[in-house]
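Read the numbers this way: they start at 1 and go in the same order the structure lists the ligands and their atoms. Everything numeric in this text was worked out from a predicted model, so none of it was measured.
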Amino acid sequence: MSFTTRFAPSPTGPLHLGHAFSAMLAHDMARAARGQFLLRIEDIDQSRARPEWEAQIYDDLHWLGLRWPDPVMRQSDRLPRYRTALERLAALGLTYPCRCRRGDIEAAAGAPQEGVPQFGPDGRIYPGTCRARPMAETGPEDVIRLNMEKATAGLPPLAFTETGPDHDGLQRLDRRQLIEAVGDIVLVRRHMGSSYHLSVVVDDADQGITHVVRGRDLFEATQIHVLLQHLLDLPTPVYHHHRLIRDASGKRLAKRDDARAIAKYRAEGVTPKEIRQMVGLG
Ligand code: GLU
């Protein structure tokens, strides 16, 4: 089987050691398999994406020794494609517009109950307030959600192959888990034309990605992606969720941890080889 993977950063801050690890690991795996490494810029959140961060991403990745074919896919160029995918889910009767704000959702969720999950891979599990609203009512301030109960009704057994260090092997999707611990995920965010989940499955399919290499933090979201792939008739790649690079106190690195920015190490004279060693790829 051919091997095509990708690195898909959002240009909303500097690349840090965690991103470097993810990108280099994917690049190494593609090379070992004599496959392809692609780059994708995940910039649907135009309120946070900045051209200077995108330029810095290209520059840092080049400096690390990574190469990829042009043109690079950019999500902001692909809104009509996401619209088509959404329309397909809407035509199946699986979507609804939601006007709830964070405060409404918290109020409707009520007091936490023991054993009932409050948060899933898409954030707070939606209590269903707007579930009966028809798509025809969609207004500019609404988000679009997937009705998880309907989306998983009559589902054939779905699974994906995971090759990462924490969950090796076949992972089966579970309908109750999707309804109770994931819930009605957002397919289109307010003023964004799409969401991470919808875009990522459409893009991985359109780029012909056979192997997704990304952080362990996205393992739980993968069941959403596999479900959407099924509903949209898209192939399911093999997944590899790698360990996360943590800071000295054991906390996972985030965009705001500028102290670990690749650009900062570069300015201090650290070499790409030393970066590889720092993340354990040496
Ligand atoms: N843009 C996502 C991130 O930076 C990548 C998600 C993915 O690789 O699927 O976390």
Side-chain angles (χ1 to χ4, degrees), residues 3-30 36-50 53-54 56-58 60-61 66 68 72-78 82 85 121-123 160-164 166-167 171 182 185-187 189 192-229 232 234-246 252-258 260-262 279:
F3 186 109
T4 302
T5 191
R6 63 4 178 233
F7 177 55
S10 301
T12 55
L15 290 189
H16 56 58
L17 276 185
H19 296 109
F21 174 59
S22 205
M24 290 189 294
L25 179 64
H27 198 264
D28 285 1
M29 286 172 72
Q36 264 209 323
F37 170 85
L38 304 180
L39 186 61
R40 178 167 79 228
I41 299 294
E42 301 215 322
D43 61 349
I44 42 168
D45 185 353
Q46 286 287 309
S47 69
R48 292 172 63 224
R50 298 269 176 281
W53 291 129
E54 186 176 326
Q56 179 84 54
I57 288 171
Y58 299 138
D60 283 343
L61 294 178
L66 309 195
W68 56 88
V72 166
M73 180 180 276
R74 295 165 85 237
Q75 291 189 328
S76 54
D77 297 332
R78 293 174 42 80
Y82 308 140
D122 195 47
F160 65 95
T161 301
E162 169 68 40
T163 64
D166 296 343
H167 299 93
Q171 310 291 315
V182 177
I185 57 147
V186 176
L187 293 169
R189 298 213 164 267
M192 259 193 233
S194 189
S195 66
Y196 162 62
H197 302 301
L198 184 62
S199 299
V200 83
V201 296
V202 170
D203 293 347
D204 282 340
D206 287 356
Q207 284 192 300
I209 302 301
T210 60
H211 291 74
V212 170
V213 179
R214 62 185 178 192
R216 164 70 184 80
D217 52 324
L218 289 166
F219 176 78
E220 277 76 22
T222 307
Q223 55 189 321
I224 300 172
H225 303 163
V226 173
L227 173 66
L228 291 176
Q229 285 151 3
L232 292 168
L234 302 174
T236 291
V238 171
Y239 286 88
H240 182 100
H241 291 92
H242 58 68
R243 66 187 160 82
L244 299 178
I245 302 294
R246 299 181 184 274
R252 177 183 141 210
L253 294 179
K255 282 259 163 59
R256 58 190 171 280
D257 296 328
D258 289 6
R260 296 295 187 106
I262 299 304
V279 298

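A heavy-atom distance below 4.5 Å is found between the side chains of L39 and Y58.
Counting the atoms of ligand 1 from 1 in the order shown, those under 4.0 Å from a heavy atom of V200 are 9 (O). Listed by number with element, the atoms of ligand 1 under 4.0 angstrom from any heavy atom of E42 are 1 (N), 2 (C), 5 (C), 6 (C). Numbered from 1 in the order shown, with element, the atoms of ligand 1 that lie under 4.0 Å from a heavy atom of L218 read 6 (C), 7 (C). Interface of Y196 with ligand 1, defined as ligand atoms under 4.0 Å from a residue heavy atom, comprises 6 (C), 7 (C), 9 (O).
Residue contacts with ligand 1 for R6 involve side-chain atoms from C-beta outward but no N, CA, C or O (heavy atoms, distance under 4.0 Å).
Salt bridge absent: R189 and D45 never bring a charged side-chain N and a carboxylate O closer than 4.0 Å. Using a cut-off of 4.0 Å between Lys/Arg side-chain N and Asp/Glu carboxylate O, D203 and R6 are scored as not salt-bridged.
Checked against side chain to side chain donor-acceptor pair (under 3.5 Å), H197 has the following partners two or more places apart in sequence or in another chain: D122, H225.
The backbone N or O of H241 sits less than 3.5 Å from a side-chain atom of E162, completing a donor-acceptor pair.
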